[in-house]
There are 2 protein chains.
Amino acid sequence: MALPPSLTPGDRLNIIIGVTGRATTGSRKNAGSASISDVAGSAGVSLMTVSRVINGHPRVSEETRRRVLAAIRKLNYRPIRAARDLSRGRSRSVTVMTSNTTLYGRAALLQGIEEAARYAGLHTDIGILESPRPSAVEAAIERSCDPASGGVIVIAFDLAGVRALRAIPAGIPVAAAVEINNVKDSRAYPTAALDDRAAAFAATQHLLDLGHRTVHHVSIPSSTNASARLQGWRAALREARARIPEVIAGGWTPQSGYEAGQRLAADRQVTAVLCGNDDLALGVIHALRQAGRAVPDSVSVVGFDDVPSAAFYAPPLTTVRLDFVGLGHDCFALLQHAADPDSIMPEFNAAAPKLVVRETTRPPRRP
Amino acid sequence: MALPPSLTPGDRLNIIIGVTGRATTGSRKNAGSASISDVAGSAGVSLMTVSRVINGHPRVSEETRRRVLAAIRKLNYRPIRAARDLSRGRSRSVTVMTSNTTLYGRAALLQGIEEAARYAGLHTDIGILESPRPSAVEAAIERSCDPASGGVIVIAFDLAGVRALRAIPAGIPVAAAVEINNVKDSRAYPTAALDDRAAAFAATQHLLDLGHRTVHHVSIPSSTNASARLQGWRAALREARARIPEVIAGGWTPQSGYEAGQRLAADRQVTAVLCGNDDLALGVIHALRQAGRAVPDSVSVVGFDDVPSAAFYAPPLTTVRLDFVGLGHDCFALLQHAADPDSIMPEFNAAAPKLVVRETTRPPRRP
DNA sequence: CTGAAAGCGCTTACAG
DNA sequence: CTGAAAGCGCTTACAG
């Protein structure tokens, strides 16, 4: 355990008392914690006054506030969440529904949402979507959607998320992070998105500018035909009057990129590949290298996301940086707006996608 | 947005009704949702009976149960979390306190905890530790530790976590994931750990067996002198009567590994390096390569964790696989035990660390 | 500036 | 198998 060797467990109590000044006394009904009436009694005021102090209500005399605060400290009182939430009629927490939080984009998004929520005084809890099967989605909602929830943010980058979004019960404030913001859908749900289309366009353009005749694409699962990344990629190709190759459907993992890469490696026409994310790119590059097609000498590869490791891959990966944390902030702002329609529509502050050129792209070899 | 193009937003209502059979009617006080008494009224039974049905209580006649279920469906009723939690005296959620969830180990651990909690019918919420400063830790606890919480699991791999663990108010069930389980500390808190010491020992041993005279170490921040990884590394060196080099303190990121790698590259004595995690290893390798010291030709490198990408790095990384998801399960089991001391102590099921030899290690060059 | 009352929506005993 | 009562610990009106 990472305890400094100089501290023995016996120090625990000392530390708690030392840091917070709390006594460990006061055992009562509810798990040994003091209630608001205990504090009121101890401070010689009404329960209402304690409530006012806790909530930072202005109309409390300094003297009273001090007494109450002292009692709170003495009894080591903290409000019970459930009681507050129940009496307020709304819980003070947002739940984020998402599949697999270990994937970079979702993890960063979750971080952004949590930051914003915390800043606004809300807690974050997570509702995992195990599978896109309707019954699984339904179960996840049954489990995670409190009717008195402070709001739900669904990460609808994949089918499970899209389905969950549609099944959120009415009456719960909701917002979603989506792959692409189109007018039709944003009328149905408040949605926030990064400009994946522009990002894919820029990445493809970069490869074309280098002199590649066309650019192949290994897609992430979310990429249906309406996918923003696919759209941007196709648009750049079309604009350059380049041939539009068939999309190779990948998964989320390097392994699935590896498998796509093996197919790509077999095709001598392939000189440039745009991948749906960096993990995919890593796998693609590995397969290419194994097949004797070095990157970038023989084939150029671009990723998507700019995960923290991408700059240290060998070779360092050219990719598009996506501001998932910023998107998380935006989603939360959107949710706040959804919860209070009288509020003004928030501005989106997530950074625009940015092409980061590193060392996996270069002009094609002259035949 | 990732909606199939064939579906327009107008379909939303249809889908909700279609999938769940719910009516969208019934607007009442609390955010438009029906309460348990509404259901009771509609089904012509008492509120108690509805409660029994919801909670799967056995002593309810089939006929009654059916009627209640029908009313629940008709009114689209779902229980409000806060009300349940309050009346039960304990919330049905665990909160995971951790710093930065985007780091692989923590993300995987969180996933494991969430899985186990979900399986047990509990929700998971997250309490982020922004900094190890005592005031920040205290604030995080103030924010996240509901006195009626179902329990808290703290990820105490770093200083912030260790401090948080010690400051969890008495009366809240708690368990911790720690770097190393020692007898003293596990008497103070229920803790679960992976055998990092054995893992580091095995990794170091592997390098020594290859013929390296000694092994350098780039550590993650958690690694104090009592760190399990340091212990295992030192023990292996000592056993082999090898020189024990000074530890190079790294951070969590590839960038910090890169900086450590630059220092290592300058030292011609260095032929083998054990890194505190895979990200660090990636950075170290990058720096080494830039300095003209190829891996593994000139220097061998071993990581820690076996992140999903490690097998696809160039070269594929030799590392130690750690079962963080399993550790998460174990932490949750431990918490359950802490919440109910009469229960039997759970067995730990996390897989033992496993050295995965790939291509960043080989015998040192003959001078 | 302070307080007494009512109520949030459930569940836990206690009866029958 | 079913129900009437009391209460969980807060906050929201409403008074003063």
Side-chain angles (χ1 to χ4, degrees), chain A residues 26 28-68 71-72 75-93 121 146-150 171, chain B residues 26 28-68 71-72 75-93 121 146-150 171:
Chain A
R28 291 176 58 77
K29 194 173 312 177
N30 196 327
S33 78
S35 80
I36 195 171
S37 349
D38 297 328
V39 175
S42 165
V45 297
S46 81
L47 174 166
M48 247 333 291
T49 299
V50 178
S51 173
R52 288 200 180 90
V53 171
I54 296 169
N55 293 291
H57 203 89
R59 308 203 163 290
V60 180
S61 80
E62 255 323 302
E63 153 64 5
T64 311
R65 178 187 313 278
R66 232 188 304 277
R67 271 221 314 287
V68 170
I72 286 176
L75 298 178
N76 188 18
Y77 167 75
R78 359 176 125 241
I80 285 183
R81 213 130 97 191
R84 291 187 115 153
D85 288 352
L86 180 59
S87 59
R88 295 208 250 236
R90 276 244 156 266
S91 89
R92 275 193 150 301
S93 53
D146 184 2
S149 168
Chain B
R28 291 175 59 77
K29 194 174 312 176
N30 194 327
S33 79
S35 81
I36 194 170
S37 349
D38 297 327
V39 174
S42 164
V45 297
S46 81
L47 176 165
M48 244 337 287
T49 299
V50 178
S51 173
R52 288 198 181 91
V53 171
I54 297 169
N55 293 293
H57 202 89
R59 307 203 164 289
V60 179
S61 80
E62 256 322 300
E63 151 65 7
T64 311
R65 179 188 312 279
R66 231 188 304 278
R67 271 221 315 286
V68 170
I72 287 177
L75 299 178
N76 188 16
Y77 167 76
R78 358 175 126 243
I80 285 182
R81 213 131 98 189
R84 292 186 115 154
D85 288 351
L86 181 59
S87 59
R88 294 207 252 237
R90 277 244 157 266
S91 88
R92 275 193 149 300
S93 54
D146 183 2
S149 167

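These values consider heavy atoms only, across backbone and side chains, with no hydrogens, waters or symmetry-generated copies. To find a chain, count down the sequence lines: A is the first, B the second, and so on, and within it residues start at 1. Only a predicted model underlies this, so the values are computations on that prediction, with no experimental measurement involved.
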Novice: Return the minimal non-hydrogen interatomic distance between B/A148 and B/G89, and the atom names on each side.
Specialist: CB-O, 3.7 Å
Novice: Could you tell me the Watson-Crick or G-U partner of D/dA13, where both distances fall under 3.5 Å? Say none if there is no partner.
Specialist: none
Novice: Would you kindly give the CZ-to-P distance between B/R81 and C/dG9, to the nearest whole Å?
Specialist: 16 Å
Novice: Is there a donor-acceptor contact under 3.5 Å from the side chain of B/D146 to the main chain of A/R81?
Specialist: yes
Novice: Can you tell me the distance, in whole Å, between the CZ atom of A/R59 and the C1' atom of D/dA15?
Specialist: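 Atom-to-atom, A/R59 to D/dA15, this comes out as 15 Å.
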Novice: Watson-Crick or G-U wobble partner for D/dA4, using a 3.5 Å limit on both distances?
Specialist: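 Paired with no nucleotide.
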Novice: Would you say the side-chain atoms of A/D38 pair up with the backbone N or O of A/S35, donor to acceptor, closer than 3.5 Å?
Specialist: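 Indeed, once roles are kept as given, a pair shorter than 3.5 Å links the two residues.
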Novice: Between C/dG9 atom C1' and B/L75 atom CG, what is the distance in whole Å?
Specialist: 15 Å
Novice: Please check the phosphate of C/dT2 (OP1 and OP2 only) for any side-chain N or O of A/T64 closer than 4.0 Å.
Specialist: yes
Novice: What pair of heavy atoms forms the shortest contact from A/V39 to A/V68, and how long is it?
Specialist: CG1-O, 4.2 Å
Novice: Closest heavy-atom contact between A/S93 and A/S149?
Specialist: O-OG, 3.8 Å
Novice: Go through it in stages, so that I can follow the logic: the residues are A/T49 and A/R67, the test is side chain to side chain contact (heavy atoms under 4.5 Å, CB included), and I'd like the CA-CA distance, side-chain angles, deciding distance and then a yes or no.
Specialist: CA-CA 11 Å; A/T49 299; A/R67 271 221 314 287; over 6 Å; no
Novice: Can you check the A/D38 CG to D/dG9 P distance for me, whole Å?
Specialist: 9 Å
Novice: Do side-chain atoms of A/R90 reach the backbone of A/D85 as a donor and acceptor pair under 3.5 angstrom?
Specialist: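 Not a single qualifying donor-acceptor pair exists.
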Novice: Whole Å only: how far is the CG atom of A/D146 from the P atom of C/dG9?
Specialist: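 In whole Å, C/dG9 P lies 12 Å from A/D146 CG.
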Novice: Nearest-Å distance, NE2 (A/H57) to C1' (C/dG3)?
Specialist: 13 Å
Novice: Using a cut-off of less than 4.0 Å, is there contact between a side-chain N or O of B/T49 and OP1 or OP2 of D/dT2?
Specialist: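 For D/dT2, OP1/OP2 do not have a side-chain N/O of B/T49 under 4.0 Å.
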Novice: Tell me the interatomic distance from A/E62, atom CD, to C/dT2, atom P, rounded to whole angstroms.
Specialist: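 My rounded result for the distance is 10 Å.
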Novice: Strictly under 3.5 Å: I want the nitrogen or oxygen pairs between protein and nucleotides 10-12 of chain D, one per line.
Specialist:
from   : atom 1 : to    : atom 2 : distance (Å)
D/dC10 : OP1    : A/Y77 : OH     : 2.9
D/dC10 : OP2    : A/I36 : N      : 2.8
D/dC10 : O5'    : A/Y77 : OH     : 3.0
D/dT11 : OP1    : A/N55 : OD1    : 3.4
D/dT11 : OP1    : A/N55 : ND2    : 3.0
D/dT11 : OP1    : A/R84 : NE     : 3.0
D/dT11 : OP1    : A/R84 : NH2    : 3.3
D/dT11 : OP2    : A/S51 : OG     : 2.6
D/dT11 : O4'    : A/S87 : OG     : 2.6

